[in-house]
Amino acid sequence: MDWFSSTVKYVYLPLKVMRSKKFLRMPRNPLPKVGQAENGKITLALANAVNAQCGKLKYQADPANGLYDMYNHPEHTQYLLDTGNYGTSSNDCDDYAGYAQALFREAGVDPGEHWEWNVLVRPLKQPTQAQYNHVICGFRMGEWYGVIDTNTAARGKIFWFKGSLNDAKKHVIETFKETYPADYYELVEGNWLKYCYTERV
């Protein structure tokens, strides 16, 4: 991990969590149970159901087109979906990823089977490509790895990769290089979902 990805992981993302704390008291609705894990593991039916549920969300960028980035609690994302009362609330890639993870959690999936990946543009390209930094939900299903994000939700089709975790990471980066005009190079895990469900609010 280089200096930039380390800074994102240990400085930027914790600051983003701190900045998002004030939104934990926004209106919330209970999450639906869209499927059931099998012995704590993700099944194909569950993965597809979670992606389909994410496909019902309306994308809405954070203030300044994401330059002031923050997280929603997944239950606030559910409130936005249920009421349609998006107003000025953001609902962008990190909210889709957090919502997908929360749906897996609701279905009984073990915590280590899904995670938040921040897809980073190379440091020298940040001045011109920062808007393409992206957040996705990565997950494991047997010998396969999958990704759920704004793209898979809109297309109704999950990105799948077979092989080791390192192979999957390489394929994820290449896939998103083809999806966006961005020079991606690194994946960094975030911790917002864990914070949401451990902090008393």
Side-chain angles (χ1 to χ4, degrees), residues 1-24 26 54 57 59-74 76-77 89-102 104-105 111-140 145-153 158-159 161 163-199:
M1 189 176 290
D2 65 10
W3 67 270
F4 180 71
S5 53
S6 294
T7 301
V8 169
K9 183 175 180 66
Y10 297 111
V11 180
Y12 174 76
L13 292 178
L15 286 174
K16 184 176 172 182
V17 167
M18 296 294 291
R19 189 166 62 235
S20 302
K21 279 185 180 181
K22 63 182 178 181
F23 296 100
L24 288 174
M26 298 292 281
C54 288
L57 298 174
Y59 182 90
Q60 199 150 293
D62 280 317
N65 199 29
L67 292 178
Y68 186 73
D69 205 13
M70 62 196 75
Y71 294 107
N72 283 336
H73 192 288
H76 180 60
T77 301
S89 292
S90 64
N91 193 54
D92 65 354
C93 60
D94 43 30
D95 302 313
Y96 277 65
Y99 185 62
Q101 286 195 81
F104 281 136
R105 180 182 182 275
E113 298 298 302
H114 57 84
W115 50 85
E116 170 194 318
W117 262 334
N118 291 264
V119 192
L120 304 181
V121 171
R122 290 187 186 279
L124 292 177
K125 297 294 181 74
Q126 289 291 329
T128 56
Q129 298 182 4
Q131 70 270 29
Y132 297 116
N133 290 312
H134 192 37
V135 184
I136 61 181
C137 170
F139 64 93
R140 169 185 304 114
Y145 289 86
V147 163
I148 293 176
D149 81 318
T150 52
N151 294 278
T152 68
I158 296 170
F159 295 145
F161 311 96
S164 69
L165 178 59
N166 284 336
D167 289 338
K169 287 180 175 180
K170 291 175 186 175
H171 288 305
V172 167
I173 289 170
E174 291 307 313
T175 295
F176 281 96
K177 279 184 177 180
E178 294 171 3
T179 305
Y180 296 107
D183 187 9
Y184 294 119
Y185 83 111
E186 182 70 282
L187 299 174
V188 171
E189 284 190 37
N191 61 358
W192 175 240
L193 189 73
K194 181 179 179 182
Y195 179 84
C196 284
Y197 291 105
T198 56
E199 182 72 1

From K194, E113, H114, residue fulfilling side-chain hydrogen bond (donor to acceptor under 3.5 Å, both in side chains) relative to Q101: H114
What distance do S5 atom OG and Y185 atom OH have between them, rounded to the nearest 0.5 Å? 4.5 Å
Exercise: identify the closest heavy-atom pair between L13 and G190: CD1-CA, 3.9 Å
Looking at every non-hydrogen atom in both residues, tell me the closest pair between P74 and L193 and how far apart they are. CG-CD1, 3.8 Å
Distance (rounded to the nearest 0.5 Å) between L15 CG and M70 CE: 13.5 Å
Apply side chain to side chain contact (heavy atoms under 4.5 Å, CB included) to the pair L57 and N91, showing each step before the final yes or no. CA-CA 8 Å; L57 298 174; N91 193 54; 3.8 Å; yes
Give me the one residue out of H76, K21, E116 that meets side-chain hydrogen bond (donor to acceptor under 3.5 Å, both in side chains) with Y71. E116
Any idea which heavy atoms bring W3 and P123 closest together, and the distance? CZ2-CB, 3.9 Å
After noting the C-alpha distance and the side-chain angles of R19 and D69, does the key distance pass the salt bridge (Lys or Arg N to Asp or Glu O under 4.0 Å) rule? CA-CA 9 Å; R19 189 166 62 235; D69 205 13; 5.7 Å; no
Side-chain atoms of residues 171-179: list all donor-acceptor pairs with protein atoms under 3.5 Å, sequence neighbours left out, distances to 0.1 Å.
unit_1, atom_1, unit_2, atom_2, d
T175, OG1, H171, O, 2.8
K177, NZ, Y184, O, 3.4
T179, OG1, T175, O, 2.8

Minimum heavy-atom distance between L24 and C196, given as atom pair plus value: CD2-SG, 4.3 Å
Is there a donor in the side chain of N191 and an acceptor in the side chain of E189, or the other way round, less than 3.5 Å apart? no
For T152, give me all partners under side chain to side chain donor-acceptor pair (under 3.5 Å), at least two apart in sequence or on another chain. N51
Do Q60 and D92 come within less than 4.5 Å of each other through their side chains, counting heavy atoms only? no
Which residues pass the side-chain contact (heavy atoms from CB on, under 4.5 Å) test with L165, not counting sequence neighbours? W115, W117, Y145, K169
Please identify each residue that fulfils salt bridge (charged side-chain N to carboxylate O under 4.0 Å, His left out) with K125, with sequence neighbours left out. D183
Do the non-hydrogen side-chain atoms of Y96 and T77 ever get within less than 4.5 Å of each other? no
Residues in side-chain contact (heavy atoms from CB on, under 4.5 Å) with Y10, at least two apart? M1, S6
Side-chain touch I136/C93, heavy atoms, less than 4.5 angstrom: no
If only side-chain N and O atoms count, and only distance matters, is there a donor-acceptor pair under 3.5 Å linking Y180 with N151? yes
Looking only at heavy atoms, which two atoms of K16 and D94 are closest? And how far apart? NZ-OD2, 2.7 Å
Quiz question: by atom type and distance under 3.5 Å, do the side chains of N118 and E186 form a donor-acceptor pair? no
Those residues that, when tested against A97, pass side-chain contact (heavy atoms from CB on, under 4.5 Å) (two or more places apart): V135, C137
Side chains of V147 and F139: closer than 4.5 Å at any heavy-atom pair? no
Check: S90 main-chain N/O paired with N72 side-chain donor or acceptor under 3.5 Å: yes
So which atom in P14 and which in V8 form the shortest heavy-atom distance, rounded to 0.1 Å? CD-O, 4.2 Å
